[in-house]
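What follows is one structure encoded as structure tokens, with my remarks underneath.
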Amino acid sequence: MIVLETPSRFLLQVLLNRIQFLVKAVELDYHLVEFNDVRYHIQATMKDPHHMALSISIPPAPPETVLANGLPFGAIEAVRGAYGAVMQIVDPAEDGFQLTLKLDLTKLPSNEEARTQLLIKIASLRSVVLGAPLREIMKHLASKAVAPDADRLIALMHRPKESFFLIPQPEKVTVVFPMRFRDSIDVVLATSFLQEFMEARRTAGLNNAPPCHWSPSPPLELKGVPAHALNANAGFVSFVIFPRHVEGEKLDRTVWSLSTFHAYVSYHIKCSKSFMHSRMRRRVETLIQALNRARPDVEKEKKTAQGRSFKRHI
């Protein structure tokens, strides 16, 4: 199955082009919208070609989530830790955006490989901002501790006005996703997909994967959650994350996979629908060809030398 890439391809391409053609720097003003209503605004002027302004807007949060100045808690610290002196936070942020950063191209590493890796990290700004609280909780899990500000139940935003829930413990973190879909066909496909997703975990090759469980009703861990947050027409998916799943380089991959799990499921549902529609079209074309071959040939009238028409009867 395909896993969504962490960096934004368009944002990364803009950054690479800016570095490559810095001598011929032109004015830039791009607006970019990604899945789950994450928006970017990229600006650069001819007067100051060595600096770029990058603004990000996250989707509206549901009431059960806790934000700090419109951002997930820990996002500012995560941005500073990820980018250092290369990017500075602009206060106040651009109108309509929760965070604006100023990128100093003169402070990028001279080594091409290191510079490319940093640009990829900048293009992954979405993961740094939205994944900040989840990453902090998983870091404590790796050391088998609970984050000091973590309550028994934590709601984190991942889609417009939708959240998923974490139950942190010293030895494990339980992650619960209420799955919602607008289209009735998507609900049916998602239910089947998630049940198969749960069964696939039991195969021999996935023994080290996080345990997965699907249920049509809310799990007991969500007791006390507001009713509107439990309105899920495709059931609830639970993952149990252990310290071995967030060790070393696994941390970022686990945080990104959990943050984009709903988008991952939606992507594969759309691929399944496209595949089924293609199969249906090919099947219809095959049936039409069979019907055309079964059509009886119409006998053409023949004419004599005098121009009279006749049919031959056998």
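Everything numeric here is computed off the predicted structure, so don't read it as measured data.
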- Item | Rounded distance (nearest 0.5 Å) linking atom CD of Glu27 with atom CG of Asp48 | 11.5 Å
- Report yes or no: does Ser127 contribute a side-chain atom to a donor-acceptor pair with the main-chain N or O of Ser124 at less than 3.5 Å? no
- Task: If you link ILVMFWY side chains whenever their heavy atoms are less than 4.5 Å apart, which other residues fall into the same cluster as Val284? By chain and number, please.
- Result: Ile288
- When Leu153 is tested against each of Thr174, Ile167, Val176 for side-chain contact (heavy atoms from CB on, under 4.5 Å), which residue passes? Ile167
- If the plane angle is over 60° it's perpendicular, under 30° parallel, otherwise tilted; pick one for Phe164 and Phe177. parallel
- Could you tell me whether the side chain of Thr100 and the main chain of Glu94 form a donor-acceptor pair under 3.5 Å? yes
- Do side-chain atoms of Ser143 reach the backbone of His140 as a donor and acceptor pair under 3.5 angstrom? yes
- Note on the structure: Residues passing the ring-ring contact (aromatic ring centres under 6.0 Å, His included) test with Phe165, sequence neighbours excluded, are none
- Query: What class does the angle between the rings of Phe242 and His245 fall in, given that below 30° is parallel, 30 to 60° is tilted and above 60° is perpendicular?
  - Reply: tilted
- Note on the structure: d(Asn231 CG, Arg180 CZ) to nearest 0.5 Å is 6.5 Å
- Are Arg126 and Phe35 in a cation-pi setup, meaning NZ or CZ lies under 6.0 angstrom from the ring centre and within 45 degrees of the ring axis? yes
- Message: I'd like to know if the side chain of Asn36 and the backbone of Ala263 have a donor-acceptor N/O pair within less than 3.5 Å.
- Response: no
- Message: With a 6.0 Å cut-off (strictly less than), is the heavy-atom count around CD of Glu34, excluding the residue itself, greater than 12?
- Response: yes
- Query: Under 3.5 Å, side chain of Arg115 to main-chain N/O of Pro109, donor-acceptor pair present?
  - Reply: yes
- Message: Measuring centre to centre across the rings, with the benzene-like ring taken for any Trp, is His262 within less than 6.0 Å of Phe181?
- Response: yes
- Query: Taking the side chain from Trp256 and the backbone from Leu251, do they hold a donor-acceptor pair closer than 3.5 Å?
  - Reply: no
- Message: Whether the side chain of His268 engages the backbone of Val265 through a donor-acceptor N/O pair (distance < 3.5 Å, no angle test) should be reported.
- Response: no
- Query: With a 6.0 Å cut-off on ring centres, are Tyr30 and Phe10 close enough?
  - Reply: yes
